[in-house]
Amino acid sequence: MASFVDRVIVHATGGNGGHGCVSVKREKFKPLGGPDGGNGGDGGSVILRVDGQSTTLLGFHHAPHQKAPNGEPGKGDMRHGFKGQDLVLSVPDGTVVKDREGNVLADLLGEGSEYVLAAGGQGGRGNAALASPKRKAPGFALLGTPGEEQEVELELKSIADIALVGFPSAGKSSLIAAMSAARPKIADYPFTTLVPNLGVVQAGDTRFTVADVPGLIPGASEGKGLGLEFLRHVERCAALVHVIDCATLEPGRDPLTDLDALEEELAHYAQDIADEDPSSIPLTQRPRLVVLNKVDVPEARELADFVRVELEQRGYPVFEISTASHEGLRELSFAMAALVSEARAQEEQREQQRQTVPVLQPEPVRRRRGRDRREFVITREDRAEEPLYHVRGEKPERWVLQTDFNNDEAVGYLADRFAKLGIEDELFRIGAKPGNAVLIGPEENGVVFDWEPTMVGGAELLGGPRGSDLRLEETSRPTRREKREQFYDRMDAKSEARAELEQERRAGVWTESVDARDRRRTSETKETNEK
Ligand SMILES: Nc1nc2c(ncn2[C@@H]2O[C@H](COP(=O)(O)OP(=O)(O)OP(=O)(O)O)[C@@H](O)[C@H]2O)c(=O)[nH]1
Ligand SMILES: [Mg+2]
């Protein structure tokens with residue numbers, strides 16, 4: 001059976017920001033004309049946008065990986081890199097975005113609603129933009145940051161005024177084709193319809209949308225047939241129309257049993273979803289009517305006349321129609337319009353009680369990054385003998401990504417930024433000692449420094465212009481280059497240790513973390529050296 005594609009996994013990657021450029025203006029007789037390196041362009045974002053023309057998520061099934069273009073790097077002569085264009089993906093109205101744990105991230109309702117799946121990276125500033133009165137000729141630029149990555153599940157829940165509910169081959173697709181401009185596939189085998197079709201019907205002054213959804217069979221609410229897929233679409237429709245096949249020759253089926261079976265499934269499902277969304281009108285209370293189809297077949301007409309009374313006694317408005325001969329369609333369309341008005345009134349009444357945004361005319365969703373008031377958080381982790389200070393925060397983490405660690409000036413600039421943000425003060429305050437390890441960013445791929453406060457020599461050291469940074473001239477302490485080498489040595493040792501550990505882990509011998517082990521080894525070496 002063909003798979004039902006209105007639930008797909010999408011991996012989205014924002015474009016990387018372009019790197020800033022380091023360049024110095026050159027003119028005749030003016031060899032050092034000042035910095036003129038342009039900024040890198042921002043990476044493009046991957047954005048979902050509701051488009052009325054789009055009716056299925058099928059496209060994502062074939063192309064689950066979506067990446068927005070990178071920003072271009074900056075160039076000399078103050079030329080900024082171009083921004084990567086946003087990749088806008090059209091999705092149908094009623095698309096729900098969930099993370100892999102099933103949490104709803106966004107519910108896209110209404111034409112034009114947007115959700116940023118993966119934001120593009122920031123372009124790095126070029127050296128021209130980094131120049132200041134104190135730092136007249138920066139010999140570094142900022143790197144562009146990588147684009148966000150996100151894996152989500154998209155799920156379509158159709159939104160229409162009316163859902164056509166019925167067994168497979170009852171003639172739901174035929175009905176929508178006869179009433180609207182929709183042209184769904186019609187055939188005499190069950191489950192012809194796999195993806196819902198939406199049609200717009202005009203009856204007098206009323207315009208409404210009708211969803212033709214996959215057929216329903218008993219047990220659907222437990223997942224039989226296309227059961228849950230079907231019910232998910234019905235969930236968001238304000239009114240229901242039962243389409244009943246009066247000409248079926250299948251044993252055990254007749255209009256009344258069919259109707260009971262359908263209602264039972266709806267009730268089951270209604271119970272399941274009631275906890276999820278207590279605000280909507282329960283499925284079982286939504287307005288509905290019954291359509292007896294295929295009365296162009298003589299036996300069907302007899303049967304329809306026979307059950308009509310019983311159905312009306314149960315309180316359903318009943319319509320006998322034939323999508324083949326178009327008999328009864330006009331009358332039905334006006335009755336459906338009335339049903340829609342009733343449903344809209346019901347919704348409005350509920351709305352007034354609730355005093356919130358109406359479900360059917362929602363606000364466009366656009367995700368903004370949640371900003372923590374505090375710019376960073378430092379936690380002390382006591383592993384092995386030495387404490388580790390762990391810094392988390394959007395800014396410091398981004399700044400690390402923007403830093404070219406091969407460039408001493410860039411590293412110095414990073415240190416200044418940290419100091420300015422108050423990270424140094426905070427480290428002092430919570431008792432960090434020079435030489436303590438400071439981890440910035442997530443555990444797996446953060447950057448580890450041995451903390452060495454910029455303020456150690458006294459604040460007056462910071463007074464000099466950046467080009468002639470006094471701290472760089474100091475000889476009693478290791479130079480930046482030496483420190484960088486130490487840093488890489490440490491990193492190399494770390495990755496070796498990691499590989500080793502991984503092997504041992506696989507063999508099931510070892511459970512210590514890399515950092516703990518790293519630190520233990522360092523202290524062991526120290527001890528041996530001291531001896
Ligand atoms: N004689 C007659 N046949 C009809 C009528 N309406 C639909 N049919 C036939 O019934 C069969 C099923 O029609 P569809 O419209 O595909 O049924 P469906 O309810 O959409 O079926 P699924 O998509 O499988 O759930 C087709 O062969 C239609 O030609 C009708 O009024 N009279
Ligand atoms: Mg169909």
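Starting from 1, each residue takes its place in the sequence as its number. Counting starts at 1 for both ligands and their atoms, in listed order.
- Under 4.0 Å from ligand 1, not a single heavy atom of L175 appears.
- From L303, atom CG reaches atom CG of D254 across 7.0 Å, with rounding to the nearest 0.5 Å.
- Protein heavy atom in closest approach to atom 21 (O) of ligand 1: S169 N, 2.8 Å.
- Residue G166 places every heavy atom at 4.0 Å or more from ligand 1.
- Counting only heavy atoms of the protein, atom 10 (O) of ligand 1 lies nearest to K294 NZ, 3.1 Å.
- Looking only at distances, no side-chain donor or acceptor of R49 sits under 3.5 Å from a matching main-chain atom of I47.
- Side-chain N or O atoms of H11 include none that pairs as donor or acceptor with a backbone N or O of H65 at under 3.5 Å.
- A distance-only check finds no donor-acceptor pair linking the side chain of Q349 to the backbone of A345 [under 3.5 Å].
- Residue D296 has at least one heavy-atom neighbour below 4.0 Å for each of these atoms of ligand 1: 1 (N), 2 (C), 30 (C), 31 (O), 32 (N).
- Near A170, with a cut-off below 4.0 Å to any heavy atom, the atoms of ligand 1 are 17 (O), 19 (O).
- In this structure, R253 satisfies the cation-pi test against F167, with its NZ or CZ atom closer than 6.0 Å to the six-membered ring centre and inside 45 degrees of the ring normal.
- The closest donor-acceptor contact from the side chain of N16 to the backbone of G121 lies at 3.5 Å or more, if one exists at all.
- Set against the non-hydrogen atoms of Y189, the atoms of ligand 1 under 4.0 Å away are 24 (O).
- Looking at atom 13 (O) of ligand 1, its nearest protein heavy atom turns out to be S174 OG, 3.5 Å.
- At a 4.0 Å heavy-atom cut-off, ligand 1 does not touch P184 at all.
- In terms of modelled atom types and a separation under 3.5 Å, the side chain of D93 and the main chain of G110 share a donor-acceptor contact.
- Under 4.0 Å from ligand 1, heavy atoms of T323 appear from its side chain as well as its backbone.
- With sequence neighbours left out, the side chain to side chain contact (heavy atoms under 4.5 Å, CB included) criterion links E331 to F319.
- Remark: minimum distance from atom 27 (O) of ligand 1 to any protein heavy atom is reached at D188 CB, 3.3 Å.
- Put simply, S169 stays out of reach of the Mg ion (ligand 2), with no N, O or S atom under 2.8 Å from it.
- Protein heavy atom nearest atom 12 (C) of ligand 1, with residue, atom name and distance: A187 O, 3.2 Å.
- The single protein non-hydrogen atom nearest to atom 20 (O) of ligand 1 is S173 OG, 2.7 Å, given as residue, atom name and distance.
- Close approach to G215 involves these atoms of ligand 1, each under 4.0 Å from a residue heavy atom: 25 (O).
- Closest to atom 28 (C) of ligand 1, if we only count protein heavy atoms, is I186 CG2, 3.8 Å.
- Of the protein's non-hydrogen atoms, the one nearest atom 17 (O) of ligand 1 is G171 N, 3.2 Å.
- Without hydrogens or angle criteria, N293 side chain to I244 main chain gives no donor-acceptor distance under 3.5 Å.
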